[in-house]
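To keep things clear, I will list the structure first and then write my remarks on it.
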There are 4 protein chains.
Amino acid sequence: MKIEPRSTTPGWQLSFYRVIFESDTRAGRLFDAALLVAIVLSVLTVMLDSVRSITAQYGPYLRAVEWFFTLLFIVEYGLRLLVVRRPLAYAFSLLGIIDFLAIVPTVAALALASSRYLLVIRILRLLRVFRIFKLGRFMGEGEFIVAALKASRFKIFVFLTAVFTLATVVGALMYVVEGGQHGFTSIPKSIYWAIVTVTTVGYGDISPVSIAGQTLASLLMIMGYAIIAVPTGIVSAQMVLPNGAGAAPAYKQAACAHCQATGHRPEAAFCWQCGERLS
Amino acid sequence: MKIEPRSTTPGWQLSFYRVIFESDTRAGRLFDAALLVAIVLSVLTVMLDSVRSITAQYGPYLRAVEWFFTLLFIVEYGLRLLVVRRPLAYAFSLLGIIDFLAIVPTVAALALASSRYLLVIRILRLLRVFRIFKLGRFMGEGEFIVAALKASRFKIFVFLTAVFTLATVVGALMYVVEGGQHGFTSIPKSIYWAIVTVTTVGYGDISPVSIAGQTLASLLMIMGYAIIAVPTGIVSAQMVLPNGAGAAPAYKQAACAHCQATGHRPEAAFCWQCGERLS
Amino acid sequence: MKIEPRSTTPGWQLSFYRVIFESDTRAGRLFDAALLVAIVLSVLTVMLDSVRSITAQYGPYLRAVEWFFTLLFIVEYGLRLLVVRRPLAYAFSLLGIIDFLAIVPTVAALALASSRYLLVIRILRLLRVFRIFKLGRFMGEGEFIVAALKASRFKIFVFLTAVFTLATVVGALMYVVEGGQHGFTSIPKSIYWAIVTVTTVGYGDISPVSIAGQTLASLLMIMGYAIIAVPTGIVSAQMVLPNGAGAAPAYKQAACAHCQATGHRPEAAFCWQCGERLS
Amino acid sequence: MKIEPRSTTPGWQLSFYRVIFESDTRAGRLFDAALLVAIVLSVLTVMLDSVRSITAQYGPYLRAVEWFFTLLFIVEYGLRLLVVRRPLAYAFSLLGIIDFLAIVPTVAALALASSRYLLVIRILRLLRVFRIFKLGRFMGEGEFIVAALKASRFKIFVFLTAVFTLATVVGALMYVVEGGQHGFTSIPKSIYWAIVTVTTVGYGDISPVSIAGQTLASLLMIMGYAIIAVPTGIVSAQMVLPNGAGAAPAYKQAACAHCQATGHRPEAAFCWQCGERLS
């Protein structure tokens with residue numbers, strides 16, 4: 001459901017709507033910039049709150065800053081509900097839920113004892129930065145990337161299934177080859193190692209020691225190195241040929257009516273094989 | 001050989017064939033989904049079976065689950081043999097062998113003492129998930145990726161040979177440079193290190209310590225970083241220009257003598273723009 | 001502001017200008033080559049100066065070499081100021097500031113005690129090597145790369161924001177999952193780990209130990225492995241279709257109403273095939 | 001200089017030439033296959049020779065095998081000299097030098113004491129495998145890759161210079177930031193670390209510990225992750241548009257004679273801006 005202003009006649013509601021939800025006025029852009037700063041600062045506060053030495057010394061100050069931003073976000077959330085036409089539609093939209101998550105945990109932290117789990121929910125407010133991608137210039141860019149990924153989603157799914165299967169099989173093999181030692185103590189651990197390896201991350205917390213293991217690992221690395229080309233090729237091809245969306249080939253779908261040859265350039269007027277005019 | 005139903009007249013055999021081998025009916029899709037779940041669960045069982053602490057406590061339960069899934073797969077395998085026209089053709093097809101491997105090891109595990117080696121064969125049943133790629137949407141996608149890789153196979157082979165040669169030569173050099181120390185204790189170990197490095201995996205289980213070694217390693221890393229571009233470029237080009245298959249140049253160099261149009265397919269006999277015969 | 005010679009009539013100023021600022025004469029190319037050698041040698045001197053064992057033994061010699069190059073650069077800087085039309089315009093141009101930075105720190109090092117901080121400023125003179133990219137052949141190449149990156153800058157910004165957000169959220173999750181242990185002692189440390197992981201660098205100085213942590217890490221690695229395709233695809237597409245600059249779609253979606261040709265530049269007003277005005 | 005047979009009339013010299021230098025006869029292909037096996041086996045012998053435990057036990061056998069292959073290569077080298085038209089031209093060609101290097105070191109090893117340095121020269125005979133790329137199918141593939149890299153060499157050189165400069169500057173910064181500790185003991189070491197990081201290898205033998213260092217490292221990683229897109233894009237673009245070789249843009253060079261607009265599609269017949277027919 002589209003987000004629309006509650007009132008379309010000039011008044012404080014429409015003015016606030018323009019400032020809060022839109023960004024084609026100077027005030028709207030300023031609001032977006034201020035919001036961005038507030039989000040980043042509040043997330044920085046959460047981060048610092050997790051550093052023991054800092055909490056020990058500046059805990060109360062951090063808490064005060066946290067409350068300040070939370071109050072700001074509460075006021076902002078209230079205003080959003082007030083000026084929008086269907087408040088529930090907004091509240092249950094993706095951005096609305098993220099806005100809500102940005103204020104709940106701090107309030108909850110009053111009732112419950114402050115726990116590590118709440119820290120994570122509080123950091124989710126960072127997702128609000130995606131609001132800025134509504135802004136003119138970025139809109140198209142984000143959409144371009146998302147469209148290319150979306151059009152490639154089946155290919156990427158097939159690819160990831162193949163990678164997972166490869167990691168599982170090689171992981172299990174490695175468990176046998178290294179004889180349950182040198183960190184390869186179970187198949188899940190070995191699969192974790194295989195994923196670390198095939199993605200070329202390579203922590204080195206687990207690494208093969210036997211010659212057979214190192215040989216198998218080398219093969220897996222070479223494969224990982226070569227198959228990285230696959231998702232890259234998929235996305236590149238999608239971006240170069242955005243109209244060739246999905247599984248459609250880059251060339252014309254239709255075959256030549258005369259000789260049944262396929263693979264005509266999209267702009268071809270004549271068949272490359274028999275010279276017949278293409279329909 | 002194509003897999004075909006034993007009976008083409010309505011009856012239980014055709015009905016079962018449709019459900020088990022095809023996926024254009026509701027029942028067929030449900031069967032595929034159930035099979036997928038059974039495969040994943042049975043593989044998870046094998047994985048858990050390899051974790052010592054879990055086997056110690058839940059061993060008998062895992063074994064029971066294992067038997068349950070194996071019986072399911074035995075029944076399924078029997079049904080496949082019954083409803084298909086040429087059971088041997090099915091049994092010796094790639095998917096048929098995988099189906100067979102999914103049931104044998106557990107039965108074998110009764111006779112033999114349960115060993116680590118059987119665990120790996122049991123995990124091969126994960127390969128059965130590729131059955132789902134028969135399904136509509138994925139079919140084309142998987143084929144697209146496989147076709148691009150297949151068309152690039154000679155290029156990728158040349159590339160991998162070059163990478164292996166590079167790794168061997170630099171590995172041998174490193175063995176000399178680091179003087180057989182810091183993990184570079186033999187040429188095979190040094191080649192293993194070179195592969196770990198050139199693929200940008202970088203475990204760090206072996207890493208150069210001398211200045212000469214670190215310089216050589218830096219050169220190898222930069223080369224690995226630059227040459228990753230090669231397989232990526234190969235696959236991207238293949239996906240963008242799927243008709244430029246194999247070793248043939250992507251497009252003819254020569255322009256049409258009549259209209260000067262370029263970009264003709266290598267095998268084109270006629271200009272795509274003006275229909276003139278190409279020389 | 002363009003760099004121009006102070007004097008356009010033949011004389012020592014124009015001759016020196018030609019040699020120092022241009023590279024279309026033999027003398028000019030020799031000067032560029034000599035300058036390149038001087039820059040690289042002086043940077044090597046700075047590097048060696050930071051190796052304790054070398055400074056202990058050859059410190060005075062290194063200092064002498066350093067003074068020699070600095071005097072050279074001072075003379076060169078003076079000459080540049082003398083032969084250029086607007087000395088201030090040159091002095092405040094990017095390359096002019098880099099030229100200035102190449103001589104100041106060593107002079108400053110006389111007054112102040114030699115410190116590590118000055119070493120870094122002295123190494124910035126390496127940036128002077130970009131002067132060589134003025135030279136014929138490289139000019140176009142460098143510009144091509146810069147143009148492709150520039151045209152992709154918004155897409156890359158969107159992409160990097162997404163990567164940073166992903167790293168922050170997964171880092172915070174990891175902090176909770178690993179319970180503040182195994183190196184994940186605070187959210188900033190965990191974010192550092194997430195960046196090390198998602199970029200596939202994988203030092204292994206911090207790595208997950210718990211099963212939940214390793215699972216989460218595996219997901220992050222797979223994501224990092226898949227999303228590397230995005231910047232690669234962006235830059236590839238930009239280089240293949242340089243006219244599809246910026247956020248605009250690479251080609252117009254609409255076909256020509258007259259001849260149905262597609263693939264029009266976004267700003268095209270006329271069909272490239274039949275010359276008909278596009279709607 | 002081209003390699004040609006000494007004798008063009010039927011006889012033993014032409015027959016041997018056909019077998020040794022060409023691969024369009026059955027015997028020629030068999031010879032190539034046998035040579036490939038001999039090369040790989042002799043390199044494996046060198047590798048095993050470097051493993052202390054194996055040399056201790058099987059040293060004499062390895063030496064015998066080594067002598068066997070060396071004698072084979074000497075005979076082959078002699079035959080090549082005998083059947084070729086200009087023996088010196090062959091001897092000083094790239095492949096000829098590699099063939100020579102494949103036999104010299106073992107002979108040298110008789111005079112000198114067997115040293116680690118000779119092992120490396122002996123392993124260079126692996127380069128002989130590139131002989132197989134003469135063979136039909138691979139020829140075009142290897143040439144395609146080499147051509148794409150060659151056409152991109154200036155772009156890749158500019159790119160690598162930028163990466164080296166980045167690594168040097170960030171390395172020097174890191175040396176200051178980490179205060180000469182945690183492995184960052186000199187600028188060269190820090191540059192080594194920067195290269196390990198920017199190429200996403202990430203050994204972890206040196207890794208930042210301070211918060212400032214980890215932040216700087218994170219930025220470097222993100223940059224390395226993003227700039228890998230550059231060489232990939234360069235090579236992809238080169239492979240997709242092989243006629244757009246070198247610095248040439250993908251679109252037409254010529255501007256419209258009427259309105260001076262550039263960026264016409266290669267196949268465009270009319271200016272996209274003014275609709276004027278393009279010359």
Side-chain angles (χ1 to χ4, degrees), chain A residues 154-155 157-159 161-162 165 168-169 172-173 175-176 179-180 185-191 197 200-204 207 209 211 214-215 217-218 221-222 224-226 228-230 232-234 236-237 240-241 246-247 249-251 263-265 267-277, chain B residues 43 46-47 50-52 116-117 119-120 123-124 126-127 129-130 133 137-138 140-142 144-145 148-149 156 159-160 163-164 188-189 191-192 195-196 199-205 228 231-232 234-236 238-243 263-265 267-277:
Chain A
F154 286 102
K155 282 197 204 71
F157 178 80
V158 169
F159 169 74
T161 307
T165 307
T168 305
V169 171
L173 263 175
Y175 168 68
V176 169
T185 48
S186 69
I187 291 183
K189 284 263 176 205
S190 301
I191 292 172
T197 298
T200 80
V201 170
Y203 286 134
S207 61
V209 175
I211 288 178
Q214 292 185 340
T215 308
S218 298
M221 282 172 231
I222 295 275
Y225 189 58
I228 182 86
V230 173
T232 306
I234 291 169
S236 295
V240 172
L241 307 165
Y251 38 82
H264 302 294
R265 296 182 50 145
E267 66 270 43
F270 294 92
C271 175
W272 55 264
Q273 193 171 75
C274 69
E276 191 73 16
R277 178 170 285 276
Chain B
V43 167
V46 179
M47 285 186 194
S50 77
V51 183
R52 214 163 300 158
R116 250 203 302 273
Y117 296 93
L119 276 178
V120 174
I123 225 158
L124 284 179
L126 183 59
L127 295 175
V129 299
F130 287 105
F133 293 148
R137 187 75 228 196
F138 296 107
E141 307 294 355
F144 178 78
I145 294 177
L149 286 178
I156 288 177
F159 169 74
L160 289 184
V163 168
F164 264 114
K189 284 263 176 206
I191 292 171
Y192 163 72
I195 291 174
V196 168
T199 57
T200 79
V201 169
Y203 287 134
D205 51 348
I228 182 87
T232 306
I234 291 169
V235 176
S236 296
Q238 199 59 50
M239 286 182 173
V240 173
L241 307 166
N243 33 351
H264 302 294
R265 296 182 51 148
E267 65 271 45
F270 294 92
C271 174
W272 55 264
Q273 194 171 72
C274 70
E276 192 72 14
R277 176 172 285 275

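Sequence lines set the chain letters: A, B, ... in the order given, protein chains first and strands last, and positions in each chain run from 1. Please read all numbers here as calculations on a predicted model, not as lab measurements.
The shortest non-hydrogen separation linking A:Y175 to B:S50 is OH-O, 3.6 Å. Contact between A:T165 and B:V129 at its shortest, heavy atoms only, is OG1-CG2, 4.1 Å.
Between chain B and the options A:I187, A:V201, A:T185, the largest number of non-hydrogen pairs under 4.5 Å is found for A:I187. Ranked by heavy-atom pairs under 4.5 Å with chain B, the first of A:G204, A:G202, A:S190 is A:G202.
To the nearest 0.5 angstrom, A:Q214 atom CD is 9.5 Å from B:Y203 atom OH. Of the inter-residue distances, the one linking A:L173 atom CG with B:L124 atom CG reads 7.5 Å to the nearest 0.5 angstrom.
Contacts between A:I191 and chain B at a heavy-atom distance below 4.5 Å involve the side chain alone, from C-beta outward. When heavy atoms are compared at a cutoff of 4.5 Å, B:V163 approaches chain A solely by way of its side chain, counted from C-beta outward. If you measure heavy-atom distances from A:T197 to chain B, the contacts under 4.5 Å come from both the backbone and the side chain.
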Working for side-chain contact (heavy atoms from CB on, under 4.5 Å), residues B:M47 and A:T168:
CA-CA 9 Å; B:M47 285 186 194; A:T168 305; 3.7 Å; yes
I'd like to know whether A:Y225 forms a side-chain contact (heavy atoms from CB on, under 4.5 Å) with B:I195, so could you lay out the CA-CA distance, the side-chain angles of the two residues, the decisive distance to 0.1 Å, and finally the verdict.
CA-CA 10 Å; A:Y225 189 58; B:I195 291 174; over 6 Å; no
